[in-house]
Amino acid sequence: MQNLLNYHKNIDPPPEIYSFFKTNIQREEYYDTGQEIYTSYPRGEVCSEIQPFYDKIIRRALFDLTISFADFEQSIWCQIYKPTGHSYQGEHNHWGKFDLSWVHFIRTPSKDCFRFKNGQTPPQNDGDFIIFPSWVVHKITPFTEDCDRMVVVGNVKLKNATYRNS
């Protein structure tokens, strides 16, 4: 099976991220009743407070991926999945405007909700940060554990990338 994961690192989210979710994301206007999730998508401005933290992570990850320099555009959003057994995200990809997609698993009661269409399940412990090509089809399956599942998600468009010889 082809490994669809480009990057994986465990990055402890700062305490402010948890309070950000409670204050800014878990609000009635961001609740999607059809999927039973709170989501700030597509309202990127909602996450402007945490954007610098993720810009720094992406810059480091790009360097680790042998991209020694790249300007980039990044859009991010936050989601809270409820443990109802109905909270999900169907099969989709982020292809089109973006090159890379990523997920930072903030709280993950179920460790196998995020799945690639080829059946691969990437690491999903609290703090795991993964990057994969935007064209990869993936989904989030429902779960019934005892707490919410929280993720920060993003897309990256590379500009003027320079690659190091490895």
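The residues of the chain are indexed from 1 along the displayed sequence. Everything numeric in this text was worked out from a predicted model, so none of it was measured.
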Just grab all the salt bridge (charged side-chain N to carboxylate O under 4.0 Å, His left out) pairs involving residues 36-50, residues at least two apart or on different chains. none

Find out whether Asn10 and Asp126 are in side-chain contact, i.e. whether some heavy atom of one side chain is under 4.5 Å from a heavy atom of the other. no

Single-linkage hydrophobic cluster Leu158~Tyr7, side-chain heavy atoms < 4.5 angstrom: yes

When rounded to the nearest 0.5 angstrom, what is the spacing between CZ in Arg107 and CG in Asn125? 14.5 Å

Using modelled atom types and a 3.5 Å cut-off, is there a donor and acceptor pairing between side-chain atoms of Gln124 and backbone atoms of Pro122? yes

Cys47 to Ser40 - nearest heavy-atom pair and separation: SG-OG, 3.5 Å

For a 4.5 angstrom cut-off between non-hydrogen side-chain atoms, does His8 reach Pro123? yes

Would you call Arg59 and Asp55 a salt bridge, using N to O less than 4.0 angstrom? no

Out of the candidates Gln120, His94, Lys117, only one should pair with His138 under the side-chain hydrogen bond (donor to acceptor under 3.5 Å, both in side chains) rule; please name it. His94

State, to 0.1 Å, how close Val46 and Phe20 come at their nearest heavy-atom pair, and which atoms those are. O-CZ, 3.3 Å

Step by step, would you call Ile106 with Val151 a side chain to side chain contact (heavy atoms under 4.5 Å, CB included)? CA-CA 5 Å; Ile106 305 300; Val151 295; 5.6 Å; no

For the residue pair Tyr88 and Phe143, is the inter-centroid distance of their aromatic rings smaller than 6.0 Å? no

Please enumerate all residues that pass ring-ring contact (aromatic ring centres under 6.0 Å, His included) together with Phe21, with sequence neighbours excluded. none

Looking at Thr108, is its backbone amide N or carbonyl O close enough to the side chain of Asp128 to form a donor-acceptor pair, meaning the two atoms are under 3.5 Å apart? no

Taking Thr23 for the side chain and Ser19 for the main chain, is one N or O donor matched with an acceptor at less than 3.5 Å? yes

Donor-acceptor under 3.5 Å (Ser134 side chain, Trp95 main chain): no

To the closest 0.5 Å, what do you measure between CD1 (Ile131) and CD1 (Ile58)? 4.0 Å

One should read off an interatomic distance between Ile11 CD1 and Arg60 CZ, to the nearest 0.5 angstrom, of 10.5 Å

Using the ring of each side chain (for Trp, its six-membered ring), is Tyr54 parallel, tilted or perpendicular to His104, with breaks at 30° and 60°? perpendicular

For the backbone of Phe98 and the side chain of Asn155, can you confirm whether one donor and one acceptor N or O come within less than 3.5 Å of each other? no

If hydrophobic clusters are built from ILVMFWY residues whose side chains come within less than 4.5 Å, do Phe53 and Phe63 share one? no

With rounding to the nearest 0.5 angstrom, report the OG1 to CZ distance, Thr141 to Phe114. 11.0 Å

Hey, are the side chains of Glu73 and Lys159 touching, using non-hydrogen atoms and a 4.5 Å cut-off? yes

Got a second to check how far Ile67's CD1 is from Asn160's CG, nearest 0.5 Å? 12.5 Å

Start with the C-alpha distance between Asp99 and Val156, add both sets of side-chain angles, then the distance that settles side chain to side chain contact (heavy atoms under 4.5 Å, CB included), and finish with yes or no. CA-CA 6 Å; Asp99 301 304; Val156 175; over 6 Å; no

Report yes if the distance between the aromatic ring centroids of Tyr31 and Tyr38 is under 6.0 Å, otherwise no. yes

Test of ring centre spacing under 6.0 Å for Phe129 and Trp102: yes

What is the distance from atom CG of Asn6 to atom CG of Asp64, rounded to the nearest 0.5 Å? 12.5 Å

When every non-hydrogen atom of Phe116 is compared with those of Val136, the smallest separation belongs to CD2-CG1, 3.2 Å

Closest non-hydrogen contact found for Asp112 with Arg115 is O-NE, 3.0 Å

Under 3.5 Å, sequence neighbours excluded: what are the donor-acceptor pairs made by side chains of residues 75-82?
from	atom 1	to	atom 2	distance (Å)
Gln79	OE1	Tyr81	OH	2.9
Gln79	NE2	Thr39	OG1	3.1
Lys82	NZ	Asp148	OD1	3.0
Lys82	NZ	Asp148	OD2	3.0

Verdict with reasoning, Gln35 to Ser87, per side chain to side chain contact (heavy atoms under 4.5 Å, CB included): CA-CA 5 Å; Gln35 295 176 309; Ser87 187; over 6 Å; no

Member of Asn118, Val137, Ile130 meeting the side chain to side chain contact (heavy atoms under 4.5 Å, CB included) criterion with Leu4: Asn118

